[in-house]
Amino acid sequence: MKIVSYNVNGIKARLPRLLEYLAEESPDIVCLQELKSSDETFPEQDIRDAGYGALWHGQKAFNGVAILSRGSDPVERQRGLGGDPDDTHSRYLEADVDGLIVASIYLPNGNPVPGPKFDYKLNWFERLNERAATLLAEEREVVLAGDYNVIPNDDDVFSVKAMASDALMQPESRQAYRRLLAQGWTDSLRTRFPAGGIWTFWDYQAGAWQRDAGFRIDHLLLSPMAADRFGDAGVDKAYRGREKASDHAPTWVRLR
DNA sequence: ATGCCACGTTAGACGTGA
């Protein structure tokens with residue numbers, strides 16, 4: 001089964017690309033981020049007509065996450081993370097999908113550094129890690145899929161120098177990601193491509209796509225039981241080159 | 001050092017992204 005993480009950068013603007021993707025690739029599960037849509041304007045019927053059940057956690061203008069499942073309805077387990085009752089951002093959604101636990105994650109960007117947005121990112125990351133530890137304790141097949149807004153290693157970015165001061169590759173961001181992995185999660189794409197050099201995002205600006213100036217920030221983490229079923233992982237890079245594309249490409253893992 | 005480009009909101013720029 002193919003499980004996808006796709007930051008669509010606005011589901012209204014990206015709906016033609018998303019429907020194409022569903023029709024052409026027939027992924028089994030799709031975790032979406034950056035819906036930029038309130039709950040009321042989520043295109044439920046279009047997605048249902050494409051053969052997918054959906055669960056979404058929207059927000060007006062920015063953030064927003066969803067989980068799509070081909071031929072079934074995801075069963076909600078949790079929306080939002082615990083640990084901060086004042087957090088109003090829609091960045092986390094967790095569901096049971098045909099026996100698999102799946103989370104769609106949109107971790108805060110955190111720029112500029114330093115500042116309150118970076119503090120929020122690190123705090124949110126700690127809350128995610130607490131949730132992840134709870135999920136591991138269930139000893140089930142779990143996939144944590146999303147835009148983590150973290151470049152894990154120097155070989156996950158086109159230019160270390162160009163991004164050195166960015167929140168995506170600050171030591172604190174990387175350490176939080178490493179602490180998450182150290183709980184026992186498997187980074188699918190890293191497992192498939194241990195030498196790095198694989199990008200999931202290319203900026204709209206400065207001809208980044210044409211220069212292949214990208215980096216890897218969309219990750220699918222597997223619990224030990226899910227990792228036992230690991231088959232393959234990759235990036236459907238061609239979708240980044242289409243008309244009216246998102247700045248992220250669909251990133252996927254295949255479980256046997 | 002800053003803007004580049006794109007989206008959403010909402011009718012002129014501005015907030016946000018990364």
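Because only heavy atoms are used, hydrogens play no part in the values below, and waters and symmetry mates are left out as well, while side chains stay in. Lettering of chains follows the sequences in order, A, B, ..., and the numbering in each one begins at 1.
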*Asks:* Between B:dA18 atom C1' and A:Trp209 atom CH2, what is the distance in whole Å?
*Replies:*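 So the two atoms are 17 Å apart, to the nearest Å.
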*Asks:* Within this structure, what is the CG-to-P distance between A:Leu15 and B:dG8, rounded to whole angstrom?
*Replies:* 11 Å
*Asks:* Just to confirm, is there a sub-4.0 Å distance from OP1 or OP2 of B:dG17 to any side-chain nitrogen or oxygen of A:Arg91?
*Replies:*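 So the side-chain polar atoms of A:Arg91 do come within 4.0 Å of the phosphate oxygens OP1 or OP2 of B:dG17, strictly under.
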*Asks:* Would you classify A:Lys121 as touching base, sugar-phosphate or nothing, given that sugar-phosphate means primed atoms plus P, OP1 and OP2, and contacts are heavy atoms under 4.0 Å?
*Replies:*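 Nothing, no nucleic acid heavy atom in range.
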*Asks:* Calculate the interatomic distance between A:Asp147 atom CG and B:dA18 atom C1'; express it in whole Å.
*Replies:* 9 Å
*Asks:* Just to verify, what does A:Lys12 make a side chain to side chain contact (heavy atoms under 4.5 Å, CB included) with, not counting sequence neighbours?
*Replies:* A:Ser37, A:Thr41
*Asks:* Partners of A:Asp156 by salt bridge (Lys or Arg N to Asp or Glu O under 4.0 Å), sequence neighbours excluded?
*Replies:*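 Partners of A:Asp156 under the salt bridge (Lys or Arg N to Asp or Glu O under 4.0 Å) test: A:Arg190, A:Arg216.
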*Asks:* State, yes or no, whether a side-chain contact exists between A:Thr251 and A:Tyr6 at a heavy-atom distance under 4.5 Å.
*Replies:*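 Side chain of A:Thr251 against side chain of A:Tyr6, heavy atoms only: no contact under 4.5 Å found.
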*Asks:* Provide the distance between the two P atoms, one in B:dT2 and one in B:dA13, to the nearest whole Å.
*Replies:* 22 Å
*Asks:* Whole angstroms only, please: what is the NZ-P distance between A:Lys161 and B:dA1?
*Replies:* 12 Å
*Asks:* I want to check one thing: is the phosphate of B:dG17, taken as OP1 and OP2, less than 4.0 Å away from some side-chain N or O of A:His248?
*Replies:* no
*Asks:* Clusters formed by hydrophobic residues whose side-chain heavy atoms approach within less than 4.5 Å: which one holds A:Val75, and what are its other members?
*Replies:*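 For A:Val75, no cluster forms, as it stays isolated from other hydrophobic side chains.
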*Asks:* Which pairs count as side chain to side chain donor-acceptor pair (under 3.5 Å) when at least one residue sits in residues 157-168 of chain A, sequence neighbours excluded?
*Replies:* A:Asn111-A:Asp166
*Asks:* As a quick check of understanding, evaluate side-chain hydrogen bond (donor to acceptor under 3.5 Å, both in side chains) for A:Asn9 and A:Tyr204, giving each step before the final call.
*Replies:* CA-CA 11 Å; A:Asn9 188 13; A:Tyr204 288 122; 3.3 Å; yes
*Asks:* To the nearest Å, how far apart are A:His89 NE2 and B:dG15 C1'?
*Replies:* 12 Å
*Asks:* Sticking with atom C1', work out how far B:dG3 lies from B:dC14, rounded to a whole angstrom.
*Replies:*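 So the two C1' atoms sit 16 Å from each other.
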*Asks:* Taking only side-chain nitrogens and oxygens of A:Asn149, does any of them come within less than 4.0 Å of OP1 or OP2 of B:dA18?
*Replies:* yes
*Asks:* Please report, rounded to the nearest Å, how far the P atom of B:dA18 is from the CG atom of A:Asp247.
*Replies:* 7 Å
*Asks:* Given that A:Asn7 and A:Ser37 both sit by DNA chain B, which one's nearest nucleotide is further toward the 5' end?
*Replies:* A:Ser37
*Asks:* Between the protein and nucleotides 5-7 of chain B, list every N/O to N/O distance that falls short of 3.5 Å.
*Replies:*
unit_1 : atom_1 : unit_2   : atom_2 : d
B:dC7  : OP1    : A:Arg14  : NH1    : 3.3
B:dC7  : OP1    : A:Arg14  : NH2    : 3.4
B:dC7  : OP2    : A:Lys244 : NZ     : 3.3

*Asks:* Among B:dA18, B:dT10, B:dT16, which nucleotide has an atom closest to any side-chain atom of A:Lys60?
*Replies:*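 Nearest nucleotide to the side chain: B:dT10.
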*Asks:* Without decimals, in angstroms, what is the distance between A:Asn63 CG and B:dG17 P?
*Replies:* 7 Å
*Asks:* How about A:Ile11 and A:Leu18: do any of their side-chain heavy atoms sit closer than 4.5 Å?
*Replies:* yes
*Asks:* Take atom C1' in B:dA1 and the same atom in B:dA6, then report the distance between them in whole Å.
*Replies:* 23 Å
*Asks:* Without decimals, in angstroms, what is the distance between A:Ile151 CD1 and B:dA18 C1'?
*Replies:* 8 Å
*Asks:* Taking the P atom in each of B:dT16 and B:dT10, what is the distance between them to the nearest angstrom?
*Replies:*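 Their P atoms lie roughly 14 Å apart.
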*Asks:* Apply side chain to side chain contact (heavy atoms under 4.5 Å, CB included) to A:Arg77 and list each qualifying residue two or more places apart in sequence or on a separate chain.
*Replies:*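 By the side chain to side chain contact (heavy atoms under 4.5 Å, CB included) rule, A:Arg77 matches A:Glu94, A:Asp96, A:Ile101, A:Arg131, A:Leu135, A:Glu138, A:Arg140.
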